[in-house]
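In what follows, a structure is listed as structure tokens, so that the remarks can point back to it.
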Amino acid sequence: MSVMLEDLESRVESVKEEVIGWRRYLHENPELSFQEEKTSQFIYDTLKSFGGNLEITRPTPTSVVAKLKGGKPGRVLGVRADMDALPITEENSFEFKSKNDGVMHACGHDGHTAMLLGTAKLLLAMQPDIPGEVRFIFQHAEELFPGGAEEMVNAGVMEGVEQVIGIHLWSPLTVGKIGIRAGAFMAAPDTFYITVKGKGGHAAQPQETVDSIAVAAQVVTNLQHVVSRNLDPVDPAVLSVTKFVGGTTHNVIPGSVEMMGTVRSFRPELRTEVPALMERVIKGVTDAHGATYTFKYERGYRPVINDEAVTEKLRECLVEAFSESVVQELPPTMGGEDFSAYQQKAPGVFFYVGARNEEKDIVYPHHHPRFTVDETALPIGVKAFIHAVFKLNSEE
Ligand SMILES: [Zn+2]
Ligand SMILES: [Zn+2]
């Protein structure tokens, strides 16, 4: 391990309060996906205030990228943080709660941005000893498909990047722990839309109608067979119908019902197989009852698949930086992340830094109106990032 890392603990400690301050500022001033004007300006200004040799650009209207060339030979590492908030009304009561009504940092992206700013500040001071190049990727719009990552990749931010990493502060994981996994880590989140079209009429004369509600209910029930009966149980997938809308009052059978839902999976072939199986069910059920349908299946982000070799190197380095007991192997989750867009361009690892603290009542899930993170997780993320830079960029 480099000499520079010996006093890293005290270096991280020296920016801790500032990192927490940035996180609180961002938490108080959340902005929705693709609208992160003030947020990206704040990032830009903060990076500028560090002075030194950061090459800062704005690849898209609300994103920021900074390049730092180290003084030693080495590889190029992309380090990514997302910055967008969600359309949720915050129910926390701390003094830095959202000032922007109906918008909230309920996923921890405020913390991601703050950690990456702290990392940039510290690495700038260590520049002569840094191997290779670090590319700080401050990404907009993770929460809203088609996502900011794809836009940034198309804008060329990954050009020359040889490896890429990203952290998610993770509320199911206790603060002090780091969760990592090689291979399939987060699912591909796809969306579907179904309309069942029957024939409306009087509720007392069903024989004159094609009851779209009764047929659509059968569609929902039968769709459950796609995952539970048609797919291999060890090939993970989820199908949830999450919206079901039809009808207006007690004595009218509505002419149509609209549904929406999500499919989560890992294996690429499933994203072709599942829509075909779904359509077979929808067509069969509606045909059987004299109804018709429309069906649209939209592919969301690709699954996050962590590169085996880079994950192994990163795991070793995290165990060295923290300890064996801190770094845990986690099972995959069915949540989605557009970090996968960067993994199309370079081998990469996405990993979790625990943010949960039962004693402080920091227990709410991501996207909950009372979500927050234990801020003692922030210096852990900074330390992890810096160790990763030295380890992954060193030529071996
Ligand atoms: Zn989220
Ligand atoms: Zn998130």
Side-chain angles (χ1 to χ4, degrees), residues 22-23 26-27 30-36 39-40 43 62-63 79-92 98 100 102-117 137-152 164-173 175 178-181 185-191 238 240 242 262 264 300-306 330 332-343 348-356 362-375 377-378 380-381 384-385:
W22 293 327
R23 183 258 163 170
L26 293 166
H27 193 89
E31 291 176 300
L32 292 173
S33 313
F34 296 104
Q35 301 171 32
E36 307 91 338
T39 307
S40 56
I43 294 165
T62 59
S63 66
V79 189
R80 177 271 210 165
D82 44 10
M83 63 168 91
D84 54 329
L86 287 152
I88 293 174
T89 301
E90 180 156 14
E91 289 174 16
N92 285 313
S98 172
N100 188 357
V103 184
M104 174 187 177
H105 269 293
C107 203
H109 300 185
D110 47 350
H112 303 167
T113 297
M115 290 191 298
L116 195 53
L117 285 172
I137 301 170
F138 292 92
Q139 181 210 313
H140 60 303
E142 189 283 324
E143 298 283 7
L144 189 63
F145 188 77
E150 188 81 27
E151 271 191 4
M152 295 193 74
V164 61
I165 57 169
I167 284 178
H168 211 300
L169 290 164
W170 205 237
S171 107
L173 189 65
V175 69
I178 294 175
I180 191 166
R181 177 187 189 83
F185 195 46
M186 297 182 85
D190 297 341
T191 307
V238 172
S240 297
T242 55
T262 186
R264 307 290 172 108
Y301 302 144
R302 295 175 191 86
V304 173
I305 311 287
N306 285 337
L330 286 191
T333 69
M334 300 313 276
E337 242 290 346
D338 73 349
F339 181 79
S340 50
Y342 304 108
Q343 291 176 314
V349 186
F350 196 60
F351 62 108
Y352 296 155
V353 166
R356 180 187 193 84
I362 299 173
V363 294
Y364 294 92
H366 292 264
H367 297 197
H368 188 281
R370 289 201 58 197
F371 173 86
T372 188
V373 299
D374 187 333
E375 289 171 331
L378 303 178
I380 296 172
F385 272 152

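Predicted model, so just to flag it, every value in this text is computed and none were measured. Order of listing sets the numbers, starting from 1, for every ligand and every atom in it. Residue numbers count from 1 along this sequence.
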Between [X] (side chain) and [Y] (backbone), is there a donor-acceptor pair under 3.5 Å?
X: Tyr301; Y: Glu142; answer: yes
X: Ser171; Y: Tyr364; answer: yes
X: Asn306; Y: Arg181; answer: yes

**Request:** May I ask you to list the protein N, O or S atoms found at less than 2.8 Å from the Zn ion (ligand 2)?
**Result:**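 Metal shell, protein only: Cys107 SG, His109 NE2, His168 NE2.
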
**Asked** Less than 4.0 Å between a side-chain N and a carboxylate O, is that true for Asp338 and Arg80?
**Response** yes

**Asked** Would you call the rings of His168 and Tyr352 parallel, tilted or perpendicular if under 30° counts as parallel and over 60° as perpendicular?
**Response**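 It falls in the perpendicular class, over 60°.
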
**Message:** Can you tell me how the ring of His27 sits relative to the ring of His105, calling it parallel under 30°, perpendicular over 60° and tilted otherwise?
**Reply:**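 Ring orientation of His27 relative to His105: tilted.
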
